[in-house]
J.: 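What follows is a structure written as structure tokens; I'll ask about it next.
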Number of protein chains: 2
Amino acid sequence: MNVIQKKSRPRVKNEEAILNAAEEVFSELGFAGATTSLIAKRAGIPKANLHYYFPTKETLYQAILGKILSIWLHAAETFDDCDDPADALGRYIRAKMEISRSHPLGSKIWAQEIMHGAPHIQGSLETTLRDWTESRVKIIQRWVAEKKIDAIDPHYLLYMIWATTQHYADFEHQIGVLNEGRALSDEKYEDAMETVTRIIVQGIGVSGG
Amino acid sequence: MNVIQKKSRPRVKNEEAILNAAEEVFSELGFAGATTSLIAKRAGIPKANLHYYFPTKETLYQAILGKILSIWLHAAETFDDCDDPADALGRYIRAKMEISRSHPLGSKIWAQEIMHGAPHIQGSLETTLRDWTESRVKIIQRWVAEKKIDAIDPHYLLYMIWATTQHYADFEHQIGVLNEGRALSDEKYEDAMETVTRIIVQGIGVSGG
DNA sequence: ATTAAAATTGACCGTATGGTCAAGAAATAC
DNA sequence: GTATTTCTTGACCATACGGTCAATTTTAAT
């Protein structure tokens, strides 16, 4: 192991351990409730050592938000400028559902940040999110003009997709409670993905296929 | 004013002021981030006076959760055992959307509580939510059996309704950013309600109407 | 008017938190 | 081998928090 690094520079390894621990703790307790000493403990290092890599709790939180944003942007690319609405939406919904499955903690942190009024991601999010949304709104509007889907305001469709897909991450606990106390199996999760996709695609009256 | 109360017993008035302030602060900062002194300040009373009415922060938080639950249960009744799926779902979606509009703070607090693993509402939620959900699942399953809607697992439909309607409360801020920095007007909100209802009703293949 | 109960409030306390620091240990460079 | 940089860590500090308390005022009961 550690074949890539020639020498034992602990920076990469420690930063990763800290970021992983921080993602857990921030998602469980929120920004205010998270303590640097708990994060350090879960990362297996003393608190002072954590502050050597991340001077303040804010710095660490920003690093986490950055990681989450990059994942989110990667999924956003799957919504390409494709002729077929069913295809484009299907791919996008699946990508978002897979992120909810693989990175639920990040989704929760993001959701909390938005709920608190996005105090830590001022303009950066606003510009990025706004630009992305506007470009996708235009694509959907074109579909409407070409009568490929029903006449709807694209915003409400996007909100529905975001809300539904992220629900499987953010409300993981509640879904587990309603599933006999267990997390959804892979089979059930696949079912959920297909059902969500079908309802939305059929719901906006996609004609061609 | 104060025509009902014969004498000026400050209990009711103060508890109300405290609960309103607490709802604000808890939704903005989360349970851990909220401070009793900030809540007291917003309620216009000294901190020690707040602790006279609510001995601990936990007590106050529980009171808020109770208020939210009762509102939620009230809306839940609108999902009655009706023959017509479009009618029943339409009423339920509208009721939930109206709660998101009128009580966004409560929805945010609730969402955060779930995201953190529901540490403050152990079994009470689980039983109430589970019972309600099971009874509604059966209704939807009957619709499926009677071929009034497509064959779907009712859980995924319910999750979609919850996610979408609550998104308008929980992600209020983000929606505002994408709406030229302003909150949705009443007209747009009405549009959103209709669009959401239409996509879902059409999405599950409701036949009769 | 007197008594009892309800309500108010400034001052206070123990604890926990974010963050610092200095002293030293490891690792690298020369 | 020596100098230099990177890394580690226990001890420490100022601040802020949840909650208490006793003294006082206000209101209700008789």
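Note: hydrogens, waters and symmetry copies are ignored here, and every other heavy atom, side chains too, is used.
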J.: Could you tell me how far apart F54(A) (CZ) and dC7(D) (P) are, to the nearest whole angstrom?
T.: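 It works out to 12 Å between those atoms.
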
J.: Relative to the 5' end of DNA chain C, which residue comes earlier, T35(A) or A48(A), by the nucleotide with the nearest heavy atom?
T.: T35(A)

J.: Starting the side chain at C-beta, find the nucleotide from dT9(C), dT9(D), dT6(D) nearest to P46(B).
T.: dT9(C)

J.: Just to confirm, is there a sub-4.0 Å distance from OP1 or OP2 of dC7(D) to any side-chain nitrogen or oxygen of R11(A)?
T.: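 Yes, because at least one side-chain N or O of R11(A) sits under 4.0 Å from OP1 or OP2 of dC7(D).
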
J.: Just by distance, do the side chain of Q62(A) and the backbone of H120(A) share a donor-acceptor pair under 3.5 Å?
T.: yes

J.: If you count heavy atoms of other groups shown closer than 6.0 angstrom to NZ of K41(B), is the number above 12?
T.: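 No, because the 6.0 Å sphere around NZ of K41(B) holds 12 heavy atoms or fewer from other groups.
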
J.: Pick the nucleotide of DNA chain C nearest each of N49(B) and A32(A); which residue has the one closer to the 5' end?
T.: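 Its nearest nucleotide lies further toward 5', so the answer is N49(B).
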
J.: Determine: side-chain N/O of T36(B) to OP1/OP2 of dG18(D), distance under 4.0 Å, yes or no.
T.: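 Checking T36(B) against dG18(D): at least one side-chain N or O falls below 4.0 Å of OP1 or OP2.
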
J.: Contact class for A34(A) vs. all strands (heavy atom < 4.0 Å): base, sugar-phosphate, or nothing?
T.: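 If one applies the 4.0 Å heavy-atom cut-off, A34(A) turns out to touch the sugar-phosphate alone, with no base involved.
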
J.: State which of dG19(D), dT6(D), dG19(C) makes the closest approach to the side chain of Y52(A).
T.: dT6(D)

J.: Starting from the C-alpha separation in whole Å, work towards a yes-or-no answer on side-chain hydrogen bond (donor to acceptor under 3.5 Å, both in side chains) for E113(A) and Y61(A).
T.: CA-CA 11 Å; E113(A) 176 66 14; Y61(A) 187 65; 2.8 Å; yes

J.: Can you see if the side chain of N14(B) gets near the phosphate of dT8(C) - specifically, an N or O under 4.0 Å from OP1 or OP2?
T.: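 Yes.
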
J.: Test your reading of the model: is there a side-chain donor-acceptor pair from S27(A) to the backbone of E24(A), 3.5 Å cut-off?
T.: yes

J.: Among the candidates dA7(C), dG19(C), dG19(D), find the nucleotide nearest to the side-chain atoms of R9(B).
T.: dA7(C)

J.: Between the base of dG18(D) and the side chain of K47(B), is there a donor-acceptor distance below 3.5 Å?
T.: yes

J.: How many Å lie between NE2 on H51(B) and P on dC12(C), as a whole number?
T.: 18 Å

J.: Round to a whole Å and report the spacing from OH of Y61(B) to C1' of dG18(D).
T.: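 Between C1' of dG18(D) and OH of Y61(B): 17 Å.
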
J.: Please tell me which of the listed nucleotides, dG19(D), dT8(D), dT8(C), lies nearest to the side chain of Y53(B)?
T.: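 Between dG19(D), dT8(D), dT8(C), the one nearest the side chain of Y53(B) would be dT8(C).
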
J.: Using atom CD of E58(B) as one end and atom C1' of dC17(D) as the other, report the distance to the nearest whole Å.
T.: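 One finds 16 Å between C1' of dC17(D) and CD of E58(B), rounded.
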
J.: Just by modelled atom types, is the V177(B) backbone N or O under 3.5 Å from a matching donor or acceptor in the R130(A) side chain?
T.: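 Present.
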
